[in-house]
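First comes the structure, then the notes that go with it.
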Amino acid sequence: MDFYPWWTDEQKAFAAEVHAFVRELMPRDAESRWKREFPWDIFEKIGERGYTGAGVPKEYGGLGLGATGACIAAEAFSRMPGPGRVFIGNMLGGLRQVIEFGSEEQKKRFLPRIAQGEMGAIVITEPVAGTDAAAIEMTARRGGDVYLLNGKKRYIVSAGVAQRYMVYALTSDKPEDRKRYRHLTAFVVEKGSPGFTVEKINEIIGFENIQNGALDFKDVPVPMDQVLGEEGQGWSIMTAGLNFERTLICAQTAAWMGELLRNTVPYAERRVQFGRPTISFTNNQFKIADMVSRVKISRLLTYYTAYLWDLGWDITLESNVAKVYNCEGAVGASLDAIQVMGGDGLTPFYPLSAIYGVSKVENIAGGTMEACRMVIQRAAMKQMAEDLKMCRRVIHAELGVPVPAATEPEKARSIDEESLLKVLGEDYRANPGLHMSRDDIKAFFDVDDKDLDQVLVDLEGKGDVRLVRDKKGIALAKASYEGLGKAFPLDYYKWFPSWIDEGRVF
């Protein structure tokens, strides 16, 4: 595997160690999948080594290798699809939530257990709340010195085998709290709590021997010291955890793409058709080239995102970009690998079909591709606002065509209908198909919003401008046909390329 130059010597040594350890476990993993046994022995060995503590700070019994170390471990263990999922679930089952929002007492209580291999689970999805996690219906009501949880959850990885469940429930029905996303609260629920039961174990592709199920909560008491953060802070805790989850999923999918490549290339070198190895066929070489590209890009995206996390950056944008690319890439790479290997790729004797199944799951789990794209668009509008500003264009004095402006316009200290129409008319010359935004207009006028709105409304009333409004008020403006005529005479707007004969226009 490739190391990255920003990894510490400790992280590099850890990567070499954990990958060697996984190679020893892979025969047992294959056996457990054929027998459909939950591989308890594998997790016991992982726990004994303390590898689940990769992302746990050293002061709480972990290895202190940060998000980068957690991804290194996730990538290594995900060479075994089932154990990899549970390994990631252990770290997802409250790790970042406890580190970022837990009290000191909670950190001392839960983090060493994670480091020692105790299984955890994230509990969000409900019968009616999936991608729309804000629609959670499970309730949590105060009853003395505990909260009582009532409701159902489903599609929970490690349901029944996890000891620790990171549960999100509704603690407020107030419209103002829902509007501010202060209606949910996070809880750590222990296996064995009264009223807490497994309702069903699902049969899902990619989960041949890994439990995934539905949970029922009937007046489940949760002590106050197992409330994470403050009441109403659940949404913030959940979204912070999702960014970390998506980064680990990226490490997981990168591992799967690596396994596809490890199986496909040696196979194609040895599979002979038409008198020569199938790797010699150009179509197979192209598919392998695409698989190599996906592995390289997916790992780079993953470990760059983890590096930013370790630096303390907001990785909302990067983690979602990586998840979309990696998860869709894993499905695409699976299909390419199966096509190269033909019928053998469809059998359980090779891992290709299993990886295809779990890859498709990850296009839904941890945030659908559609949900991730929504986050990407919204985060980009904020984080990349400066880069995404409209480049102001002006008409070149000699050529008469729009070109980027070199300087900002001089701002007028007052505004009236005539001056605003001239600005809109000039913008029509440069951008005939576009409206001007408030910021575009305010680049020309040093006036407050109230004065600008009044002039725009007056012009709208006369039919000289068309306005577009959003929740905040007037957002966009454009001169109408009548307004353009009042701003400048028709000849001002005319332009023809130099090669046009004047006799061909009228």
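For the pair Asn202 (side chain) and Ile204 (backbone), a donor-acceptor distance under 3.5 Å is absent. At distances below 3.5 Å, not a single donor-acceptor pair connects side-chain atoms of Lys107 with backbone N or O atoms of Tyr60. Here the side chain of Ser78 pairs no donor or acceptor atom with the backbone of Glu75 at under 3.5 angstrom. Without hydrogens or angle criteria, Lys360 side chain to Ile205 main chain gives no donor-acceptor distance under 3.5 Å. Using modelled atom types, no side-chain atom of Asp427 and backbone atom of Val423 make a donor-acceptor pair closer than 3.5 Å. Side-chain atoms of Arg393 come within 3.5 Å of backbone N or O of Ala430 as a donor-acceptor pair. Looking only at distances, a side-chain donor or acceptor of Gln11 sits under 3.5 Å from a matching main-chain atom of Leu65.
For the pair Glu370 and Lys323, the salt-bridge criterion is not met [side-chain N within less than 4.0 Å of a carboxylate O].
Using a 4.5 Å heavy-atom threshold, the side chains of Ser359 and Thr253 count as separate. A heavy-atom distance below 4.5 Å is not found between the side chains of Lys152 and Glu126. Side-chain contact between Arg246 and Cys372: present, with at least one pair of heavy atoms (C-beta onward) separated by less than 4.5 Å.
For the side chain to side chain contact (heavy atoms under 4.5 Å, CB included) criterion with Met341, the lone passing option out of Asn284, Asp336, Thr264 is Thr264.
Counting heavy atoms of neighbouring residues, nucleotides and ligands inside a 6.0 Å radius, atom CD of Glu502 does not exceed 12 of them. Heavy-atom neighbours of Tyr356 OH from other residues, nucleotides or ligands within 6.0 Å: at or below the threshold of 12. In Phe286, the CZ atom is not crowded: 12 or fewer heavy atoms of neighbouring residues, nucleotides or ligands sit closer than 6.0 Å.
Side-chain contact of Asn243 with Thr316: a donor-acceptor pair under 3.5 Å is present, judged by distance alone. For the residue pair Asn363 / Thr368, no side-chain donor-acceptor distance below 3.5 Å is found, with atom types taken as modelled. With no hydrogens or angles considered, a side-chain donor-acceptor pair links Thr68 and Asp310 at under 3.5 Å. Checking Tyr147 against Gln226 by side-chain atom types alone, no donor-acceptor pair falls below 3.5 Å. Using a 3.5 Å distance cut-off with no hydrogens or angles, the side chains of Arg294 and Tyr325 do not pair a donor with an acceptor. Asp440 and Ser437 share a donor-acceptor pair across their side chains, judged by distance under 3.5 Å alone.
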Margin query: Set out, in order, the CA-CA distance, both residues' side-chain angles and the distance that settles side-chain contact (heavy atoms from CB on, under 4.5 Å) for Arg85 and Gln252, then state yes or no.
Written below: CA-CA 8 Å; Arg85 291 182 137 279; Gln252 178 176 249; 3.6 Å; yes
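Scanning for ring-ring contact (aromatic ring centres under 6.0 Å, His included) contacts around Trp235 gives Tyr181, with sequence neighbours left out.
Within the structure, every pair that satisfies the ring-ring contact (aromatic ring centres under 6.0 Å, His included) test and touches residues 384-430, not counting sequence neighbours, is listed here: Tyr428-Tyr493.
Taking the centre of each ring, Trp7 and Tyr307 stay at or above the 6.0 Å mark.
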